[in-house]
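Given the structure is predicted, the values throughout are model-derived calculations rather than measurements.
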Amino acid sequence: MLEWKDQSSRQSNSYEGVLPEDHKSGIEEILRALFEFLNENIIGKGNAVDFDQLLFQVSPDTGWVIASAVIAEQYERGYIDACHVRIQEIQDRYYVFADDEELEANDEEFSRCVKSIEREIGQTFHQILSTHLHELRKRCSERGFDYIQLESGMEMGVLYEEHYDPAGAEPA
């Protein structure tokens with residue numbers, strides 16, 4: 001369904017998923033393809049060997065969705081392996097809110113609507129990820145990993161975070 005273009009640099013591996021012009025895929029199907037690419041081509045390789053963070057971000061205004069598996073210390077130094085895809089349907093939903101004159105006049109309500117898009121898409125990706133937890137827990141760091149959904153925008157605050165212990169870890 002997606003064609004992947006390698007956009008890697010010397011310190012990071014990056015791949016862009018490109019949908020065919022005539023695609024009829026829904027958002028969940030595209031997110032599933034994004035996760036499958038992440039799982040098969042990034043996790044456990046390059047900068048994502050023994051990953052301790054799985055990051056996800058939705059940018060509703062552009063339609064971009066980004067997923068990455070990283071080691072926190074390397075991520076802070078700019079080493080990140082990620083894949084991303086632009087989903088027009090997400091951007092279309094954003095502009096329904098952006099073009100609403102009543103919302104335009106109320107920044108707080110507009111922000112709430114945008115966050116609802118981010119949360120919904122993030123929950124869908126998290127559900128997909130959850131079906132692969134056993135496998136992910138085998139391939140992560142000995143400390144386990146954190147699934148972190150970042151907010152869109154310049155602040156990149158955390159919208160959602162959950163920790164997973166590695167496979168075979170004793171319950172606390």
Considering only heavy atoms from C-beta outward, does the side chain of Pro60 approach that of Val58 to under 4.5 Å? yes
Contact summary for Ala69 and Leu38, nearest pair of heavy atoms: N-CD1, 4.0 Å
Calculate, to the nearest 0.5 Å, the distance between atoms CD1 and CD1 belonging to Ile30 and Ile121 respectively. 9.5 Å
Applying side-chain contact (heavy atoms from CB on, under 4.5 Å), run through Cys83 and Leu34 and close with a yes or a no. CA-CA 7 Å; Cys83 53; Leu34 179 75; 3.6 Å; yes
In short, Ser152 meets Ser59 closest at the heavy-atom pair CB-CA, 4.0 Å
Give every residue pair that meets the ring-ring contact (aromatic ring centres under 6.0 Å, His included) criterion with at least one member in residues 66-90, sequence neighbours excluded. Trp64-His84
Measure up the His132 and Phe35 rings against each other and bin them: parallel (under 30°), tilted (30 to 60°), perpendicular (over 60°). tilted
Roughly how far apart are Leu19 CG and Ser25 OG, rounded to 0.5 Å? 6.0 Å
Can you tell me how far apart OG1 (Thr62) and CD (Gln88) are? Round to the nearest 0.5 Å. 10.0 Å
Applying a strict under-4.5 Å side-chain criterion to I, L, V, M, F, W and Y, I'd like to know whether Phe125 and Leu133 cluster together. yes
Could you please spell out the steps behind the side-chain contact (heavy atoms from CB on, under 4.5 Å) verdict for His134 and Lys138? CA-CA 7 Å; His134 181 71; Lys138 287 181 181 178; 3.1 Å; yes
Side-chain heavy atoms of Phe56 within contact of Leu129, under 4.5 Å: no
Are the side chain of Gln57 and the backbone N or O of Ala67 linked by a donor-acceptor pair below 3.5 Å? no
Got a second to check how far Ile80's CD1 is from Ile42's CD1, nearest 0.5 Å? 9.0 Å
Residues two or more places apart in sequence or in another chain: which of them pass side-chain contact (heavy atoms from CB on, under 4.5 Å) with Asp6? Ser8, Tyr15
Ignoring hydrogens and angles, tell me if any N or O in the side chain of Asn13 forms a donor-acceptor pair with the backbone of Asp81 under 3.5 Å. no
Can you list the residues that meet the side chain to side chain donor-acceptor pair (under 3.5 Å) rule with Thr124, with sequence neighbours excluded? none
In the single-linkage hydrophobic clustering (I, L, V, M, F, W, Y; side-chain heavy atoms under 4.5 Å), do Tyr95 and Val114 co-cluster? yes
Keeping to residues at least two apart or across chains, list the salt bridge (Lys or Arg N to Asp or Glu O under 4.0 Å) pairs with something in residues 46-68. Asp52-Arg143
What verdict does the side-chain contact (heavy atoms from CB on, under 4.5 Å) test give for Ile148 and Leu54, after you've listed the backbone C-alpha separation in whole Å, the side-chain angles of each residue and the deciding distance to 0.1 Å? CA-CA 6 Å; Ile148 302 170; Leu54 204 153; over 6 Å; no
May I ask whether Val158 and Leu55 are part of the same hydrophobic cluster, defined by side-chain heavy atoms of I, L, V, M, F, W, Y residues being less than 4.5 angstrom apart, directly or through others? yes
Just jot down the side-chain contact (heavy atoms from CB on, under 4.5 Å) partners of Ser9, sequence neighbours excluded, or say none. Gln11, Ser12
Listed once per pair and sorted, the salt bridge (Lys or Arg N to Asp or Glu O under 4.0 Å) pairs that draw on residues 18-34, sequence neighbours left out: Glu28-Arg32
Check for a donor-acceptor pair, side chain of Thr131 on one end and backbone N or O of Ile128 on the other, with a separation under 3.5 Å. yes
Here the ring-ring contact (aromatic ring centres under 6.0 Å, His included) pairs for residues 135-157, sequence neighbours left out, are Phe51-Phe145, His126-Tyr147, Phe145-Tyr164
What's the shortest heavy-atom distance between Ala33 and Leu2, and which atoms? CB-CD1, 3.7 Å
Can you tell me which residue pairs pass the side chain to side chain donor-acceptor pair (under 3.5 Å) test with a partner in residues 33-43, sequence neighbours excluded? Asn39-Glu135, Asn39-Arg139
To the nearest 0.5 angstrom, please state how far the SG atom of Cys140 sits from the CD1 atom of Ile71. 11.0 Å
Using the ring-ring contact (aromatic ring centres under 6.0 Å, His included) criterion, which residues pair with Phe110? Sequence neighbours excluded. Tyr94
Taking only residues two or more places apart in sequence, or in another chain, which ones meet Val18 in a side-chain contact (heavy atoms from CB on, under 4.5 Å)? Lys5, Glu16
Which salt bridge (Lys or Arg N to Asp or Glu O under 4.0 Å) pairs, counting each pair once, include a residue from residues 84-96, with sequence neighbours left out? Arg93-Glu120
Has Arg137 got a side-chain atom pairing as donor or acceptor with Asp165's backbone, closer than 3.5 angstrom? yes
Treating Ile, Leu, Val, Met, Phe, Trp and Tyr as nodes and any side-chain heavy-atom pair under 4.5 angstrom as an edge, say whether Ile66 and Leu159 lie in one connected cluster. no
CG of Asp107 to CZ of Arg112, rounded to nearest 0.5 Å, is 13.5 Å
Should Val96 and Ile87 be counted in the same cluster of Ile, Leu, Val, Met, Phe, Trp and Tyr side chains packed under 4.5 Å apart? no
Any side-chain heavy-atom pair of Gln149 and Glu118 under 4.5 Å: yes
Please list, chain by chain and in numerical order, all residues satisfying side-chain contact (heavy atoms from CB on, under 4.5 Å) with Lys45, sequence neighbours excluded. none
